[in-house]
Number of protein chains: 2
Amino acid sequence: MSAETVTIGEAARRTGVSAKMIRWYEATGLLPPAARSEAGYRHYDEADLHTLRFVRRARDLGFSVEAIAGLLALWRDRARPSAGVKAIAQEQIVDLRRRIAEMEDMARTLERLAESCCGDDRPECPILDDLAAKDRAPAPPRRSPASAALATHAAHQRDKRGR
Amino acid sequence: MSAETVTIGEAARRTGVSAKMIRWYEATGLLPPAARSEAGYRHYDEADLHTLRFVRRARDLGFSVEAIAGLLALWRDRARPSAGVKAIAQEQIVDLRRRIAEMEDMARTLERLAESCCGDDRPECPILDDLAAKDRAPAPPRRSPASAALATHAAHQRDKRGR
DNA sequence: CTTGACCTTACCATGATGGGAAGCCCCATC
DNA sequence: GATGGGGCTTCCCATCATGGTAAGGTCAAG
């Protein structure tokens, strides 16, 4: 029975979640404390691996660890109404769409600027001219830091590594 | 002459860069040390404010501080070839486009899942079913952490605050 | 001369991840 | 049965750009 369990390194290999992150998820309470051998080694059974794959998949979809905690709770509660899950997913979609739109704005502005810059040996450069333009609104007022809106953050982190 | 200079708080108000960040940009070398009054207060003249607005605008376009350092150097070098600036901008565009595409993928997948979830009181939930699916590729190999690709990070940070 | 608004530096937190050190454990090979 | 190498443990540090807070100095208006 316990022959069916694996160490953290093997679990990492099988689920795509690094050993480092598995420990961190446990430390921060996303996952319950793993079973330990007498020597203190963590051991994972098939159900644990299943959970890890669930987490991994959710991360790939850009959910924050906080959101995943909610999804996990719902997953474990077999009687939950599917509406709760759908609501979390839709928040995530809205957040993704909002950030996509912002980045689209940036990209389009930059493309417009880059098009108008000949990009040769001469110093004239509309891109720098734009950046240096004086008639800029000074400080767009920031809205409240709202509790949501942190989802999908991790995806960006991973973006930076994985490219 | 020095009547034309302002303190850091006023500079922050006028440029939209927080006092905190102005100090940080100085500490990390993005900006040269500011002039100081006898009491140690930083003072900024119009040229400094212009530079700060330049930085602000570049941040708004998603450039990383590292990239902005490059842009600033080119901006100060009046004989620079515009090609250098264009290259930086295009790297940024590519990076933005890549990340937009990734988020689009996430959003589309989630939309598809959300559509198939009735979102009522019943427990059946295709979203959770997908997250829990077993036949997932375990570990997509991560590519090298390449030096570029960090641009636009700040924009996400600001995303989280400003909404 | 007091008060309050501003400035200074210094430290801590964020979120999800990786890197590394110091030390223990397990297994296989000699 | 010792030894070596690889895997495991915990703990600390770095990232990137930003905000918060605390302890203390400064300035200007009342």
Side-chain angles (χ1 to χ4, degrees), chain A residues 5-13 16-31 33-44 55-56 58-60 62-69 142 144-145 147-163, chain B residues 5-13 16-31 33-44 55-56 58-60 62-69 142-145 147-162:
Chain A
T5 70
V6 296
T7 61
I8 197 170
E10 184 61 19
R13 242 165 279 130
V17 182
S18 73
K20 211 83 183 192
M21 290 316 297
I22 297 176
R23 291 194 196 98
W24 187 75
Y25 291 151
E26 178 182 328
T28 55
L30 177 67
L31 301 177
R36 300 278 189 142
S37 71
E38 286 189 6
Y41 282 25
R42 288 174 181 82
H43 282 272
Y44 300 89
V55 172
R56 173 73 161 80
R59 300 290 300 121
D60 284 347
F63 285 98
S64 72
V65 169
E66 191 187 356
I68 295 175
R142 302 291 184 194
S144 70
S147 66
L150 356 120
T152 71
H153 173 92
H156 309 314
Q157 300 293 332
R158 275 175 297 141
D159 281 353
K160 287 184 304 179
R161 295 188 293 130
R163 87 60 84 104
Chain B
T5 71
V6 295
T7 62
I8 198 170
E10 184 62 19
R13 242 165 278 130
V17 182
S18 73
K20 208 82 185 199
M21 290 315 299
I22 297 176
R23 292 194 195 98
W24 186 75
Y25 290 151
E26 178 182 329
T28 55
L30 178 67
L31 301 176
R36 300 279 189 139
S37 72
E38 285 188 7
Y41 283 23
R42 288 175 182 81
H43 283 271
Y44 299 88
V55 172
R56 173 72 158 82
R59 298 289 301 121
D60 284 346
F63 286 98
S64 71
V65 169
E66 191 187 356
I68 295 175
R142 304 291 189 193
R143 272 79 74 223
S144 69
S147 64
L150 357 120
T152 73
H153 173 91
H156 307 316
Q157 299 293 330
R158 273 175 297 142
D159 281 351
K160 287 185 302 178
R161 293 188 294 131

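In the text below, chain A, chain B and the rest are named by the order of the sequence lines, each starting its count at 1.
Nearest-nucleotide assignment on DNA chain C puts the 5′-proximal partner with B/Ile8, out of B/Ile8 and A/Glu38. DNA chain C is contacted by both A/Ala39 and A/Trp24; A/Trp24 maps to the nucleotide lying nearer its 5′ end (nearest heavy atom per residue).
Using a 4.0 Å heavy-atom distance criterion, B/Ser37 is classed as making no nucleic acid contact.
For the pair B/Ala12 and B/Ala19, the tightest heavy-atom approach, listed with the atom from each and the gap, is CB-N, 3.6 Å.
Rounded to a whole Å, the NE2 atom of A/His43 is 9 Å from the P atom of D/dC8. What separates CD of A/Glu26 from P of C/dA16 is a distance of 17 Å, to the nearest Å. The nearest whole Å value for the distance from the CZ atom in B/Arg23 to the C1' atom in C/dA10 is 11 Å. Whole-Å rounding puts the A/Arg13 CZ to D/dG6 P distance at 13 Å. As a whole-Å value, the separation of B/Lys20 NZ from C/dT9 P is 11 Å. The distance from atom CD1 of B/Ile68 to atom P of D/dC16 is 14 Å, rounded to the nearest whole Å. Note: CZ (B/Arg56) to P (D/dT18) measures 9 Å, nearest angstrom. Distance, B/Glu10 CD to D/dC27 C1': 15 Å, rounded to whole Å.
Between B/Arg23 and B/Glu26 there is no salt bridge, since no side-chain nitrogen of the basic residue lies less than 4.0 Å from a carboxylate oxygen of the acidic one.
A sub-4.0 Å separation between OP1 or OP2 of D/dC8 and a side-chain N or O of A/Thr7 is present. Regarding contacts with the backbone of C/dT17, a side-chain N or O of A/Tyr25 is found under 4.0 angstrom from either OP1 or OP2. Applying the 4.0 Å criterion to OP1 and OP2 of D/dT9, one finds that A/Arg42 has a side-chain N or O inside that range.
Here D/dC8 is the nucleotide among C/dG20, D/dG25, D/dC8 with the atom lying nearest to any side-chain atom of A/Tyr41. Minimum atom distance to the side chain of A/Val65 is reached by C/dA16, of the listed C/dC6, D/dC8, C/dA16. Listed candidates were D/dT9, C/dT9, D/dA17. Nearest to the side chain of B/Arg36 is C/dT9. Comparing C/dA16, D/dC11, D/dG19 by their closest approach to the side chain of A/Ser64 singles out C/dA16.
At a threshold of 4.5 Å between non-hydrogen side-chain atoms, the residues B/Val6 and B/His43 do not count as touching. In this structure the side chain of B/Phe63 reaches within 4.5 angstrom of the side chain of B/Ile68, judged on heavy atoms.
Between the side chain of A/Arg56 and the backbone N or O of A/Gly16 there is at least one donor-acceptor pair closer than 3.5 Å.
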